[in-house]
Structures are given as structure tokens and as C-alpha cells.
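Read the structure below first, then the notes.
Note that the coordinates shown come from a computational prediction; the quantities given were computed from them, not determined experimentally. Below, chains carry the letters A, B, ... as their sequence lines are ordered, and counting in each starts from 1.
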Amino acid sequence: MLDLKFIRSNPDKIREMLSNRKNDLDLSVFESIDRERREMLSRMESLRFQRNKVSDDIAAMKKSGQDASSVIAEMKKVSSEIKEIETVLSGIQEKLDGIIMTIPNMPHESVPVGSDEKDNPVIRTWGEIKEKGFEPIPHWEIGERLGILDFARASKLAGARFALYMGAGSRLERAIINFMLDTHVRVHGYTEVLPPFMVNSACMTGTGQLPKFKEDLFKIEGWDHYLIPTAEVPVTNIHREEILKEEDLPIHYVAYTPCFRSEAGSYGKDTRGLIRQHQFNKVELVKFSRPEDSWDELERLTADAEDILKRLELPYRVVTLCTGDLGFSASKTYDIEVWLPGQNLYREISSCSNFTDFQARRAEIRFKRKGAAGTELVHTLNGSGLAVGRTLVAILENYQQKDGSVIVPEALVPYMGGTKAISSRDS
RNA sequence: GGAGAGAUGGCCGAGUUGGCUGAAGGCGCUCGCCUGCUAAGCGAGUGUAGGGGGUAAACCUCUACCUCGGGUUCGAAUCCCGAUCUCUCCGCCA
């Protein structure tokens, strides 16, 4: 959510932003409703002023034994008028909120203008793509041949877009989770948290999933709860409606959670393998910072995510999302894309964003500067560190051998109980 | 699931015969004074949001907010109804 005053006083900037984002929202609707709301508001407030004043007079008259019945009768009319305006006003307010909630964040000035992912510039690449000397195969074939991924039985259990990991596959997923958590906690200095995997609608509104992206979420029937689509939601909302102290900042959290997404609208896309699932594991990094620090924090957050791929020796590249591809709440996003030889392409494995004060305003996450009056909104950031299932995909495809086995990356061997290679479900 | 208690400012905690209470008191915090340092002490200040005025500052003024949403009333933190959350006891259960 953007600042109401900012929207009001910078309509040209908003319009430019909307067109850069390929968003067809009509701002003039906002402008007319906003004007209407302010007119009603000042009318109501002056009536309330009158009512408060006369109520005091009535109290004084009663105290001194005077008859106040004629004034009371008059105030009765004023009161009912106030009530009428209140009703109208709350309708207007609701409409206005509805519009404000659908205006996306302002992209940072460094974000390139573009229409879709084809316009995302690659800003760096890391690692060497080696010739294997044989034709690499996609991870779903590797996994099924080794008996560590079973998509047929998964669909018996839950349908399409679910996976069943078996034996060494299951252990590898768990090893990746632990390796990522340990690295972020011990090396990068994050605080580990384990949040609820379902949250109420206030949290979903706070981080921007609601009201605009309802169809992407799984809702619990009969409850005000949703399965989380990312740990960003519960972890960012940890400090919802709080006033933090300046010396508490920055706050760095890392959380492992499963993520649940309906993937509405992605029918026919990535139907094979682990890439696009209704349930997947993710280790997420979340930061709260002072406004002046958030751009540095974004660079470091991205570097922390990249470090996992470096330690696993997986080739990757980093792209900056252009305005047309940028997410609703984000001001700037780096996508980290890992190399998948089995499919001969780069695939998103992490998305690192600075949301500036956009989420903080919705979620009312503020801080108080030492010695200064008043409060300010914090900046929130987050990024995958990394998507666990896709990391497993990258390991299978990059470390596959000619004989069908898969070498375990050195950094993961201790997490696999010493296992150096996977040649069957039980290896 | 059954029975009860409660939700007030950054925190603790008054206020329940409705009206000068945005809210006593304390803690914390900020600024100043004092003390050789520390501790203690003294004085002043200290909520949020939204309007309007003023040069964008200081400042002035209005409105709202005592969990949330309704209701009663000229007027509600205070009365009534509903919701949510917390706590205690009983039952049940991992």
C-alpha cells in the first residue's frame, strides 16, 4: 500500500508507474472517490464538533438546574444526520480502500523499464557449465530411475503437482533444508524461526496476498485461515502492528516452511517433475531495516542466497526484474536462476525483493528513532534462500553421472550421514 | 466440548451511580540541573491517525481512537448485544 498523500499529490508518477508495470488501473476513479470522501469527512467533523460542544452545554445546564429539553431535541436531529453521513462515508471509505489496496508499489529508479521476462537484464553469472560427455536427462527421469521420486503414487495420494520422495531422495531434501538453515544461521547471522504454516487473513492482507491474489491461496474451509504460500507471510507478520526500537534494526530471520500454492492459471505449464508443485519446501530470508539501509540489505540478502549455490557448486545467474515483470508489492527484485542441464535452461530458484515501506504500511510495522519524536515505517525485504525442491532438481541434473547415479555435493555429505553418491533409493 | 474471569497509552495499572478523562498514579524514555565517576536526587516533557490554518519548520485548531463491530443516549472507556483473543477450572486428546 502506498501513502495516500503520496498518491494524491503525485498522480503523474503513479500513472507512469502503472503504465511501466503494464497495469491498466484507472486512477481517475481513485481521484473522484478521494475528493468525495474528503468533502463528506469535513462535513461530518464539523457536525461532530457542534454535537460535542452542545453536549457540554447540556451538561452545564443540567448541573445548574436549567431546562435543556429544547436543545436536546435539536441535537437529536444533528445526531441522526451524523449517523446518515457515517453510513455513506463508510461505504466510500471501503471503495477507496479497495482501490488503494490494488495500487502496486513504486519501482526503484534502478529498475529497468520493460514489458516481460525477456526484458530482464542479466547482471552476473557464476560457475562453469561443463560438458558432461553424455546426454543429460531431466530430474524426473533421474529420480524415477533411482526410485527416489515417485510421481505416479503421489498423484494417487493427492493428484497432479504433488511429489512423493522416497529413501535417499527424502533424505536429500531434508539435508538441503538443514544445510541452508545452518549456513544462514551460523555463517550469515540470521535468527532461525519456525512459524505456523497457516495464518489468518490479516496476515495475508499485511504482506499483500489479499485481497488481490486470493485465487492463488488454499483456504481452510470454515476458518479464517489460509495455508501459507511462502514463509514471507508469517515471518513478516511477526512484527505486525508493532513499534520497534531503532537499535533492534536490522532484524534478520530465516525460516524453513512448506509452501502451498493453488497455481491457478498455470495449467499445462511445468507439468512434469518437481518444478511447479502445490506443496513445496522453502527456506526463506526475511529482513526488517531502516529505510536508509534497505538497498544495501537487498544486495546482502541476494549475496546470502547466492552463497548457498556457490557452496553447492551449482552454476547460476542473477537477473533484475524489469517493471513489467516486477511483483505487486516489490520495489526491486533480483531473481537467481540456477542452471538445469537436463532441461538446458536457467530456472528461477530464488527471488529477492525490497518492499520498501509498502508491506510495512499495510501491516503497520514501525520503528522509533533514538531521540526523535514520532514513528517511521520500517522497510521489509525477503528472498528465498533457497527453494528446496528446485535445489534438489538442480543437484540431480548437475551432478548426474553417465551410469545414472548422482554424486552428493561435498557440502551436503555431512548432512547425508556420509553418503557420497546416490545410486538407488537406499544408497 | 462445559463453567467462569478479563482485554485501557511503549509497559504496569486507576477509572464501571454515563458528561472538563486522551485518560490519575507508577515504570520506561527524552531534555535540563545537580554530583569527582557510578548510583541516587531534582525540574520539564513524552500516544497514534486523519482534516483545516500557518511559509514546506515551530506552532494553532478540529475529528477519531480505552480489543473489534453494532446498539441505547443530546452525550459512552463507562450501559446493552455480538465477535475475537487471553487466563482459570472440569472433560477429552496428541
From B:rA64, B:rA49, B:rG75, pick the nucleotide closest to the side chain of A:Ser79?
B:rG75
Could you measure between the two P atoms, the one in B:rG71 and the one in B:rC12, and give it in whole Å?
31 Å
What is the separation between atom CZ on A:Arg51 and atom C1' on B:rA76, rounded to the nearest whole Å?
10 Å
Looking at B:rG10, B:rA49, B:rC74, which one has an atom nearest to any side-chain atom of A:Ile72?
B:rC74
Rounding to a whole Å, what distance do you find between A:Leu89:CG and B:rA64:P?
13 Å
Pairing partner of B:rC93, by Watson-Crick or G-U wobble and under 3.5 Å for both distances, is none
Can you confirm whether A:His379 sits close enough to A:Phe355 that some side-chain heavy atom of one is under 4.5 Å from a side-chain heavy atom of the other?
no
In the structure shown, which nucleotide is the Watson-Crick or G-U wobble counterpart of B:rG22, with both distances under 3.5 Å?
none
In whole angstroms, the gap separating C1' of B:rC29 from CD of A:Glu247 amounts to 11 Å
Options B:rC74, B:rG50, B:rU72, nucleotide nearest the side-chain atoms of A:Lys76:
B:rC74
Separation of atom CG in A:Asp97 from atom C1' in B:rA49, rounded to whole Å
13 Å
Rounded off to whole Å, could you give me the CD-to-P distance for the A:Glu364 and B:rU48 pair?
13 Å
Could you state the CG-C1' distance from A:Asp34 to B:rG50, rounded to the nearest angstrom?
12 Å
Any strand: nucleotide that pairs with B:rU86 via Watson-Crick or wobble, under 3.5 Å
B:rA5
For atom P, what is the distance between B:rU61 and B:rG70, given to the nearest Å?
31 Å
For the side chain of A:Asn52, counting heavy atoms from C-beta on, which of B:rU63, B:rU72, B:rG19 is nearest?
B:rU63
Can you tell which of B:rU63, B:rC74, B:rG52 lies closest to the side chain of A:Arg38?
B:rG52
Given the C1' atoms of B:rG26 and B:rG15, what is the spacing between them in whole Å?
15 Å
From CD1 of A:Ile243 across to C1' of B:rU48 the rounded distance in Å is 8 Å
Assign A:Leu41 to base, sugar-phosphate, or nothing according to its heavy-atom contacts below 4.0 angstrom with the strands shown.
sugar-phosphate
Counting only Watson-Crick pairs (N1-N3 plus N6-O4 or O6-N4) and G-U wobbles (N1-O2, O6-N3), all under 3.5 Å, who is the partner of B:rA40?
none
Taking the same atom, P, in B:rG6 and in B:rC65, what whole-Å distance lies between them?
24 Å
Rounding to the closest angstrom, what is the interatomic distance between B:rA49 and B:rC81 at atom P?
35 Å
Return yes if some donor-acceptor pair links the side-chain N/O of A:Asn237 with the main-chain N/O of A:Val233 below 3.5 Å, else return no.
yes
Determine, step by step, whether A:Glu397 and A:Arg347 satisfy the salt bridge (charged side-chain N to carboxylate O under 4.0 Å, His left out) criterion, reporting the C-alpha distance in whole Å, the side-chain angles of both residues, the deciding distance to 0.1 Å, and the verdict.
CA-CA 12 Å; A:Glu397 296 200 6; A:Arg347 192 79 208 205; over 6 Å; no
Tell me if a side-chain donor or acceptor on A:Ser155 pairs with a main-chain N or O of A:Ala152 at a distance below 3.5 Å.
yes
Under 3.5 Å on both distances, the Watson-Crick or G-U partner of B:rG10
B:rC27
If each of A:Val71 and A:Asp3 is mapped to the nucleotide of RNA chain B with the nearest heavy atom, which maps nearer the 5' terminus, i.e. the 5' end?
A:Asp3
Would you mind classifying the nucleic acid contact of A:Arg361 as base, sugar-phosphate or nothing, using non-hydrogen atoms under 4.0 angstrom?
nothing
A:Glu45 side-chain proximity, nearest of B:rU72, B:rU63, B:rA49:
B:rU63
Student check: side-chain heavy atoms of A:His188 and A:Thr183 closer than 4.5 Å
yes
Nearest-neighbour nucleotide for the A:Arg48 side chain, B:rU72, B:rU63, B:rC74 considered
B:rU63
Same-atom distance (C1') from B:rC29 to B:rC90, integer angstrom
45 Å
Provide the distance between the two C1' atoms, one in B:rC33 and one in B:rU55, to the nearest whole Å.
36 Å
Answer yes if the side chains of A:Asn354 and A:Ser294 hold a donor-acceptor pair under 3.5 Å, and no otherwise.
yes
Per the salt bridge (charged side-chain N to carboxylate O under 4.0 Å, His left out) rule, which among A:Arg8, A:Lys5, A:Lys95 passes with A:Asp34?
A:Arg8
Using a 4.0 Å heavy-atom cut-off, does A:Arg366 contact any base of the nucleic acid, only the sugar-phosphate backbone, or nothing at all?
sugar-phosphate
For the pair A:Met106 and A:Ile14, evaluate side-chain contact (heavy atoms from CB on, under 4.5 Å) and give the outcome as yes or no after the intermediate values.
CA-CA 8 Å; A:Met106 299 294 289; A:Ile14 301 285; 4.2 Å; yes
Take the protein atom CD of A:Glu242 and the nucleotide atom C1' of B:rU48, then report the distance between them rounded to whole Å.
16 Å
Compare side-chain N and O positions of A:Lys83 against OP1 and OP2 of B:rU72 and report whether any pair is under 4.0 Å apart.
yes
Could you tell me which nucleotide pairs with B:rU35 by Watson-Crick or G-U wobble geometry, both distances under 3.5 Å, or answer none if nothing does?
none
Given that A:Lys5 and A:Ser46 both sit by RNA chain B, which one's nearest nucleotide is further toward the 5' end?
A:Lys5
Strand partner of B:rA49, provided both Watson-Crick or wobble distances fall under 3.5 Å
B:rU63
With rounding to whole Å, what would you report as the distance between B:rG25 and B:rG82 at their C1' atoms?
34 Å
With both distances under 3.5 Å as the test, what is the Watson-Crick or G-U wobble partner of B:rA77?
none
